[in-house]
Amino acid sequence: MEDRDPPSPSPTCNESASLACLKRVPGVLFTLKRDARGRLQLPALTGEDQMTARLEPLLSINDVRQRLGDLLGDAYGEFIRAIEHSAHWLSPVSTRLRLPIGELTPHWYSLEALPERSDEGILWHGLLVDIEDQVAEEQRLRYLSGTDELTGLTNRRSMMGHIDKIASMSNRHGTPLSLLLIDLDHFALINDTWGRGLGDRVLCQIAALASSQLRQEDMLARMGSDEFALLLPMTPAGRARELAERLRESISRQDFGIGRHKVTVSIGVSDFVRGLSSAQLMQQVHTNLMEAKQQGRDRVIQRWLPQGSS
Ligand SMILES: Nc1nc2c(ncn2[C@@H]2O[C@H](COP(=O)(O)OP(=O)(O)OP(=O)(O)O)[C@@H](O)[C@H]2O)c(=O)[nH]1
C-alpha cells in the first residue's frame, strides 16, 4: 500500500479557523425563533465584534420585540414585516434594510434567512451583512450611467427616458410641454483652432450658463458631442421660445476666453401636442434645429408639430 502523510485537517473542519473567519465578515450569523404566541427570541449569534456586542444583550430574552424596536428605530417595522411574511408563507427572507446597528448613522444591511418549522414555532438561520460600501458603489454606478462625464449633466439615455415619462403625463393631463435642442455652431473649428481641452471648457461653460437660467423642474441634458436638450414641463411654446432667445443671446455675449471669437448656438424649439408620441416631438425639434442651421445658424426656429403628423 502507498505510504502517505496523514491528511492535514481541512480548514472548513477547523472550528477556531472558522470562527476567526467569521469575525472578519462584516456581519453576524444568527438564529431567530418565533414561538406559537408570536414572541421573538434570539438563541444564537456570532460574528463581527462590534455588531455582536450590540446584539448580544438580546440573547435569551423572552421576547426581543421591544428591545429590537429600541435598537432598530424606524427600520423596526420593515424588519418585522419581512419576518412575519416569511413566517406566514415559510419563504426565505431576502431583503435589504437600513439599520442603525453598531453605527451612529444607519448602514445598509443585507438580511438573508431560511425559515423552518420546529416544535416550538418557526426557526430562522440567517446572515445579516453590512453592505453599505456595496450600496454606495451601486448608487455611484447608477448616477454615472445617467450622467454625462464631462459636464455632469443628465446624459442622452437618461433624458430620453425622462422625455417619454413627461410626454406621457402631458398626454394624460393635457399639460403644456416644450423641448429645446441646442447645438453649437462650427464647434469643430473651436476644437481645431484652440484645442480639444478648450473645447471641453466651452461645453462645460455652456452647460453652467444654461443651468443657471432654469427652473428646478426643467431638465438640461448633453445629448452627445456639442448638442444639448432642454425639457420644459408646464411650458407653452411661446415661453419656451422666449427662453431659447434669451439663452442664445447670453451664449453669444459670453466671453469664453478665445479672443474675439464668438461662440453661438442654433436652437430648435417644439411644443408637445396631445396625442403625439415623444419620438415625434424629438423628430420635430430636430427638424427645427436643422432648419436653424440651414438658415445661417445663431438663431431659434420653432415650428408647430401638426396634429396627426407622423
Ligand atoms: N472638445 C470636445 N469636442 C467634442 C466632444 N465630442 C464631440 N466633439 C467634437 O465636436 C465637433 C462637432 O462638430 P460637428 O458635429 O461637425 O458640427 P459643428 O462643427 O459644430 O458644425 P455645425 O453643427 O454644422 O454648426 C466635432 O469636431 C467633434 O469631434 C467633446 O466631448 N469635447
Side-chain angles (χ1 to χ4, degrees), residues 139-164 166 177-233 235 239-270 278 281-302:
Q139 279 171 349
R140 195 182 71 87
L141 291 176
R142 237 191 333 271
Y143 171 78
L144 285 180
S145 76
T147 306
D148 172 55
E149 212 179 327
L150 176 68
T151 59
L153 295 178
T154 299
N155 67 13
R156 167 183 281 273
R157 204 171 71 98
S158 176
M159 183 58 146
M160 295 311 282
H162 206 70
I163 293 175
D164 275 350
I166 304 290
L177 170 68
S178 294
L179 181 65
L180 271 57
L181 204 55
I182 306 159
D183 190 279
L184 274 76
D185 297 328
H186 300 305
F187 184 59
L189 189 69
I190 294 176
N191 273 336
D192 294 346
T193 314
W194 287 277
R196 233 180 136 82
L198 196 129
D200 283 355
R201 281 224 311 273
V202 169
L203 291 172
C204 291
Q205 280 176 275
I206 294 222
L209 189 66
S211 299
S212 71
Q213 301 188 25
L214 304 182
R215 305 164 303 177
Q216 211 178 359
E217 59 269 35
D218 302 335
M219 182 179 257
L220 179 67
R222 181 174 176 219
M223 302 300 271
S225 193
D226 58 348
E227 188 178 280
F228 297 83
L230 175 55
L231 187 67
L232 302 166
T235 308
R239 288 228 344 255
R241 191 192 171 104
E242 281 166 26
L243 173 63
E245 286 292 1
R246 264 204 316 278
L247 250 177
R248 186 192 62 75
E249 275 172 31
S250 62
I251 289 170
S252 73
R253 280 200 311 266
Q254 173 89 2
D255 179 4
F256 289 92
I258 42 179
R260 299 231 298 253
H261 185 92
K262 262 177 45 169
V263 175
T264 63
V265 292
S266 300
I267 305 181
V269 181
S270 223
S278 56
L281 174 67
M282 205 58 209
Q283 193 184 342
Q284 181 62 34
V285 80
H286 188 256
T287 305
N288 292 349
L289 171 63
M290 290 302 105
E291 178 83 30
K293 291 275 180 188
Q294 270 162 21
Q295 286 192 17
R297 297 177 173 77
D298 191 16
R299 68 196 62 219
V300 174
I301 294 287
Q302 175 204 356

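All heavy atoms count here, side chains included; hydrogens, waters and symmetry mates do not. Every value quoted in this text rests on a predicted model; they were computed, and no experiment measured them.
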Quiz item: Under 3.5 Å, is there a donor-acceptor pair between the side chain of Asp148 and the main chain of Met223?
Solution: no
Practice problem: Keeping the roles fixed (side chain from Arg201, backbone from Gly199), state whether a donor-acceptor pair exists under 3.5 Å. | Solution: no
Quiz item: Does Arg248 reach the side chain of Asp298, with side-chain heavy atoms less than 4.5 Å apart?
Solution: yes
Exercise. Please report the C-alpha distance between Arg239 and Glu242 in whole Å, then the side-chain angles of each, then the deciding distance to 0.1 Å, and finally whether the salt bridge (charged side-chain N to carboxylate O under 4.0 Å, His left out) criterion is met.
Key: CA-CA 5 Å; Arg239 288 228 344 255; Glu242 281 166 26; 5.6 Å; no
Quiz item: Taking side chain as C-beta onward, heavy atoms only, is Val263 less than 4.5 Å from Ile258?
Solution: yes
Quiz item: With the threshold set at 4.0 Å, does a side-chain nitrogen-carboxylate oxygen contact exist between Asp185 and Lys293?
Solution: yes
Practice problem: Measure the CG-CD1 distance between Leu289 and Ile267 for me, rounded to the nearest 0.5 Å. | Solution: 9.0 Å
Exercise. May I ask you to test the His186-Thr264 pair for a side-chain heavy-atom distance under 4.5 Å?
Key: no
Quiz item: Just how far is it from atom NZ of Lys262 to atom CD of Gln254, taken to the nearest 0.5 Å?
Solution: 13.0 Å
Quiz item: Atom CZ of Arg222 and atom CG of Leu153: how far apart are they, to the nearest 0.5 Å?
Solution: 8.5 Å
Quiz prompt | Of Leu214, Val265, Leu230, Val300, the residue whose pairing with Leu247 passes side chain to side chain contact (heavy atoms under 4.5 Å, CB included) | solution = Leu230
Quiz item: Any donor-acceptor pair under 3.5 Å linking the side chain of Ser212 with the backbone of Leu209?
Solution: yes
Quiz item: In Å, rounded to the nearest 0.5 Å, how long is the span from CZ of Arg215 to CG of Leu243?
Solution: 8.5 Å
Quiz item: With side chains defined as the heavy atoms from C-beta onward, is the minimum distance between Leu180 and Phe228 less than 4.5 Å?
Solution: no
Exercise. Using atom types as modelled and distance alone, determine if a side-chain donor or acceptor of Asn288 lies under 3.5 Å from a backbone N or O of Val269.
Key: yes
Practice problem: Find out whether Thr193 and His261 are in side-chain contact, i.e. whether some heavy atom of one side chain is under 4.5 Å from a heavy atom of the other. | Solution: no
Quiz item: In Å, rounded to the nearest 0.5 Å, how long is the span from CD of Glu245 to CZ of Arg299?
Solution: 10.0 Å
Self-check item: Within-4.5 Å side-chain heavy-atom neighbours: Leu177 and Leu231
Solution: yes
Quiz item: Rounded to the nearest 0.5 Å, how far does CD1 of Ile206 lie from CG of Leu184?
Solution: 4.0 Å
